[in-house]
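Here is the structure we will look at, set down as structure tokens.
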Amino acid sequence: MEPLYTPAGVELRWQETWEAEGLYAAGAGRRRDDAYVIAVPPPNVTGELHMGHALNGSIQDVLVRWHRMRGYDTLWQPGYDHAGISTQNVVEKQLAAEGLSRQELGREEFVRRTWQWLETTGRTIMGQFRRLGCSLDYSRERFTMDDEYVRAVLTFFVRLWQRGWIYRANRIVNWCPFHQTAISDLEVVHEEMDDTLSYVRYPFADGDGFLTVATVRPATILADVAVAVHPDDERYRDAVGREVVVPYVERHVPVIADPRVEPEFGTGALKITPGHDPTDFEIGRDHGLPEPMVIGLDGTMNVDAGDLAGLSQAEASERVLDWLRQRDQLERREHYRHAVGTCERCHTRIEPLISLQWWCRMDEPAAPAIAALRERRVRYHPESQHRFAISSLEEAPDWCLSRQLWWGHQLPIWYTPDGETICAVSEEAARAQAGEGVELERDPDVLDTWFSSALWPLATLGWPEETPELRRYYPGDVDSTAREIIRLWVNRMIWAGLELLDDVPFTDVIIHSTVLAPDGRRMSKSLGTGIDPMQPIAEHGADATRYGLLKISSTQDVRFSIGAIEEGRKLANKLWNVARLIFQNATLVTPAVSPRALEERWILGRIDAARAEVEDCWGRFDFATATSALYHVTFDDFCDWYAEAIKPRLYDGDKDAAATALAALERLLVLLHPVLPHVTEEIWSQLPNRRTRLIVSPWLEPDDRFAADVTALERVREAAQIFRRSGVRVELGADEQRIFAAVVRPERSAGNGNVDAELERLRKEVERAEAMLANGRFVQNAPAHVVEAEREKLARYRRELEALGGSERS
RNA sequence: GGGCGGUUAGCUCAGUUGGGAGAGCACCAGCUCGACAAGCUGGGGGUCACUGGUUCGAGCCCAGUACCGCCCACCA
């Protein structure tokens, strides 16, 4: 064994071995019948591992490994999301590089190309999860475009159709002119942009005066159908009910009153353009106004824009502004910075426009999910996210399901020549419904990517078939994911599970920390602040990276810190070396828990205490505290105290000490394995009586036999502290003296020799404690255990003072 | 604009019913002995963002202020 632990080779070897031996698979190491199930949030098939994935993988792997060792039948199922827009975007870009468009290729060929691309280039993340040591059951990888999965998606759609929740409607949607599709509100990202606000005069139709309206998009004036003011706005009291003339098109439109107008903004008068603005659309519907559109699906002016047809919006805006200037109807223009909606994939400015789309109602479907959350049948962690999840469901707007894309699940909707709409799981089924010889045309749209994601926990287990997997592993236990997809994904899985199987898909949702760049900004490719997790894995090892990420995962937003990962590497190295010490001195000895000496009983008690603490933390999904506890039990207790204490006996060839040391090391390895799987398995493999791999070895059972000895050793630690600071030796029992001699080595170091400083410190402590206990209000009001603790402290300080030969007052 | 979180040592962060301010890294000093110099031991270093309040006692509870961040959002 080398003195310096080098993770790379060791980690790869174990990753391959574990998977090849089938130890990642569901059922491995199982000793009880309970199942423990986590479905990995399916990453985009086009994506690569980022820091959030790495943290989330570490969290889930700790839980899975812990449960596997506790004997559960664990299923941690991996897979990919087809990522509709995202994937189509990638392939389209590739086509563009070849001078092709998807339209030239045709739908069938485009989809074939996409599959082909996925075969060669996609699906890289699972390899990266393997490198992180994630014990996913890779043999069960699923893809949202697998045949079985597609069937599940269509079945789900038909089910919602039968419930009467799906409808088709002309509504305003977020239209991406680049992708030529509707996208949901949640796929729109707002970006700050510089813009110009134009103040435009709308003359009253009766020729008497005008209203001034502020707009950032003069081209949309052509589609104005009204001007609205706030009902309580005194300035416009007389204007309501009159008509104004829309510039350029010179159409007469009414002035209406609506509370959604913000009197403080601009002039307090809002032009109403239902075809191109979401707020205006709502106002228009409520007032029964027409909904003309002058911007087409490609973002340019359409045929209804008259002589401006075919122009870009910018050109059209200039023409409108010229028209206004000539007639002195352009009051002024001012710089204006505001947030503009853009497509999250291509960052093209979103065009709000009206189009015919398929929708799913959310009010009724969401109700059981809201109830489940209220009743805590599903719990979000932390609690603040639980409240957020409930309010998100309560406020959920109807879901726009259709996308005008080619990559995805095509809607199971067919139209007959006489206008009938048929919803069925397959063309055969649709044909059966339509009757003999009726021509059917399938709706070309595909479903929103998140529609299939909502089914992840069930469809990966074979739903809608009654598979053995579904029976055994549904409902699952935990979902761990990022904050921003609570609404997109987690809430929808809950309602889909309740709708289809009448049960929640999991009981706990972990919303993990967001890992920010070291400077506190978000990690993003565009900002150049991203850090590839494969980098610290290569440099410090997967164990160290897991440890570091878990250690910093305490708050909502954490800054990435390489220092935490380096600490993990230090820990792995320390463990490696202490194992080397024990192995070198324990040849031909088998592990046995037969502690005779105090330090042996102590370390066994300490490891058990750490086990209890760590289990408590993991049970509460507090990974940062658990990590810290593991560090201290390994470094401080096992290495710096226990190993030092037994060294002399090991060197003397004491077989009992060696046997117990091996046993204690074994127990420590078990405890550390979920966080540091590789280095622990590597050391484990060198233990003399190893029967199984550590990954499937039994977890530690509670063992309170040595609990009392944990406190007994504290006396030696106290004595060591006093000696090191002052050079004075405190009276100790025989066993304690032996440990003291081994750990402190008084013959080599005389301590700092600063008796006076130590006396001073202790006198201050005594004074403080005496003052507290002399305070009648403290003694009366403080809880009894606090007062008692104070008395004990006073007694201890007096004892230590006496041991140093000092009195309370100098 | 709304929601959530943060502000504690030079840096990154703990601090669990309110009861003597902590860890890791960095720094200084000593050890440098047959696991490990990626080691051991000790040490210096903090108005716990600010202002008020409750309390015998506040980093912790309450009210407010100021910064920072994340998420969400249809003020043209």
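Letters go in sequence order (proteins before strands), and every chain restarts at 1.
When the shell of 6.0 Å around CZ of Arg796(A) is examined, it contains more than 12 heavy atoms from other residues, nucleotides or ligands.
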Pairs: protein N or O with nucleotides 48-50 of chain B N or O, under 3.5 Å:
none

Pairs: protein N or O with nucleotides 1-4 of chain B N or O, under 3.5 Å:
from, atom 1, to, atom 2, distance (Å)
rC4(B), O2', Gln556(A), OE1, 2.6
rC4(B), O2, Gln556(A), NE2, 3.0

Distances under 3.5 Å between nitrogen or oxygen atoms of protein and nucleotides 14-16 of chain B:
from, atom 1, to, atom 2, distance (Å)
rA14(B), OP1, Ser554(A), OG, 2.4
rA14(B), O5', Ser554(A), OG, 3.2

Return the polar atom pairs (N/O with N/O) between nucleotides 54-59 of chain B and the protein under 3.5 Å, or none.
none

Scan nucleotides 7-11 of chain B against the protein and return all N/O pairs shorter than 3.5 Å with their distances rounded to 0.1 Å.
none

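Salt bridge Arg791(A)/Glu788(A): present, at least one basic N to carboxylate O contact under 4.0 Å. The residues Glu599(A) and Arg738(A) are annotated as salt-bridged, a charged nitrogen and a carboxylate oxygen being separated by less than 4.0 angstrom. A salt bridge is defined here as a Lys NZ or Arg NE, NH1 or NH2 lying under 4.0 Å from an Asp or Glu carboxylate O, and Glu566(A) with Arg569(A) fails to meet this definition. The pair Glu790(A)-Arg768(A) meets the salt-bridge criterion, with a side-chain N (NZ, NE, NH1 or NH2) lying under 4.0 Å from an Asp/Glu carboxylate O. Taking 4.0 Å as the cut-off between side-chain N and carboxylate O, Glu800(A) and Arg725(A) do not count as a salt-bridged pair.
The side chain of Phe635(A) approaches rC40(B) more closely than any other nucleotide in the set rC40(B), rA73(B), rA35(B). Among rC75(B), rG24(B), rC25(B), the nucleotide with an atom closest to any side-chain atom of Lys570(A) is rC25(B). Set against rG24(B), rC75(B), rA38(B), the side chain of Arg569(A) has rA38(B) as its closest nucleotide. Nearest to the side-chain atoms of Asn573(A) among the listed nucleotides rC36(B), rC40(B), rC75(B) stands rC36(B). Picking from rG24(B), rC33(B), rA76(B) the nucleotide with the shortest atom distance to the side chain of Arg745(A) gives rC33(B). Of the candidates rG34(B), rA76(B), rG39(B), the closest approach to any side-chain atom of Lys574(A) belongs to rG39(B). Here rU12(B) is the nucleotide among rC36(B), rU12(B), rG19(B) with the atom lying nearest to any side-chain atom of Ser561(A). When the nucleotides rA35(B), rC40(B), rC75(B) are ranked by their closest atom to the side chain of Asp640(A), rC40(B) comes out on top.
Where Val786(A) and Ala339(A) meet RNA chain B, the nucleotide closest to each residue was compared, and Val786(A) sits on the side nearer the 5' end.
For the P atoms, the distance linking rG6(B) with rA49(B) amounts to 12 Å, nearest Å. One C1' atom belongs to rA21(B), the other to rG1(B), and the distance between them is 39 Å to the nearest Å. Comparing rC71(B) with rU65(B), their C1' atoms sit 24 Å apart, to the nearest whole Å. Here, rC40(B) and rC33(B) have their C1' atoms 10 Å apart, quoted to the whole Å. Look at the P atom in both rC60(B) and rG69(B): the space between them is 25 Å, to the nearest Å. Using atom C1' as the reference point in both rG53(B) and rG15(B), the two lie 24 Å apart (nearest Å). For the P atom pair drawn from rG42(B) and rG24(B), the interatomic distance equals 11 Å after rounding to whole Å. Taking atom P on both rU16(B) and rG5(B), the two are 16 Å apart, rounded to the nearest angstrom.
Contact check, Gln721(A) against rG42(B): a side-chain N or O comes under 4.0 Å of OP1 or OP2. A sub-4.0 Å separation between OP1 or OP2 of rC75(B) and a side-chain N or O of Tyr336(A) is absent. For the OP1/OP2 pair of rU17(B) and a distance below 4.0 Å, the side-chain nitrogens and oxygens of His785(A) include no atom meeting the criterion. The shortest distance between the side-chain N/O atoms of Arg725(A) and the OP1/OP2 oxygens of rG43(B) is below 4.0 Å. Here His338(A) reaches the OP1 or OP2 of rA76(B): one of its side-chain N or O atoms lies under 4.0 Å away.
Among residues two or more places apart in sequence or in another chain, the salt bridge (charged side-chain N to carboxylate O under 4.0 Å, His left out) test is passed with Glu334(A) by Arg332(A). Scored by the salt bridge (charged side-chain N to carboxylate O under 4.0 Å, His left out) test, Arg487(A) finds no partners at all (sequence neighbours excluded). In this structure Glu613(A) satisfies the salt bridge (charged side-chain N to carboxylate O under 4.0 Å, His left out) test with no other residue, sequence neighbours excluded.
Within 4.0 Å of Lys793(A), counting heavy atoms only, lies at least one base atom of the nucleic acid. Using a 4.0 Å heavy-atom distance criterion, Arg791(A) is classed as making no nucleic acid contact.
Between Val730(A) and Glu718(A), every side-chain heavy-atom pair lies at or beyond the 4.5 Å cut-off. Within the 4.5 Å cutoff, the side chain of Arg333(A) has heavy atoms near those of the Leu321(A) side chain.
Ring orientation note: the planes of Tyr336(A) and Phe265(A) are nearly perpendicular, at an angle over 60° on the 30°/60° scale. Ring geometry for Tyr631(A) against Phe635(A) counts as parallel: the plane angle stays under 30°, on a 0 to 90° scale with 60° as the upper cut.
Within residues 642-649 of chain A, the residues approaching RNA chain B are Glu644(A), Lys647(A), by heavy-atom distance under 4.0 Å.
One atom, CG of Asp636(A), and another, P of rG39(B), lie 13 Å apart when rounded to the nearest Å. Taking atom CD1 of Ile272(A) as the reference point, atom P of rC75(B) lies 14 Å away to the nearest angstrom. A straight line from CG of Asn577(A) to C1' of rA38(B) spans 9 Å, rounded to a whole angstrom. Residue Trp641(A) contributes atom CH2, which lies 19 Å from atom C1' of rA35(B) at whole-angstrom precision. The distance between atom CD1 of Ile172(A) and atom C1' of rA76(B), rounded to the nearest whole Å, is 13 Å.
The salt bridge (Lys or Arg N to Asp or Glu O under 4.0 Å) analysis of residues 270-285 of chain A, with sequence neighbours excluded, yields the pairs Asp224(A)-Lys271(A), Arg285(A)-Glu291(A).
Taking the centre of each ring, Phe388(A) and Tyr380(A) stay at or above the 6.0 Å mark.
Checked by distance alone, Arg522(A) brings no side-chain donor or acceptor within 3.5 Å of a matching partner on the base of rC70(B).
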Donor-acceptor pairs are to be reported for all side-chain atoms of residues 772-784 of chain A against protein atoms at under 3.5 Å, with residues two or more places apart or in another chain.
from, atom 1, to, atom 2, distance (Å)
Asn775(A), OD1, Arg777(A), N, 2.9
Asn775(A), OD1, Phe778(A), N, 3.4
Asn781(A), ND2, Arg777(A), O, 3.0

Dot-bracket notation for RNA chain B, counting Watson-Crick and G-U pairs under 3.5 Å, with | for partners on another strand:
((((((((.[[[[.)...(..]]]].(((((.......))))).....[[[[[..)....]]]]])))))))....
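Asp616(A) contributes no side-chain N or O that, together with a main-chain N or O of Ala612(A), makes up a donor-acceptor pair within less than 3.5 Å.
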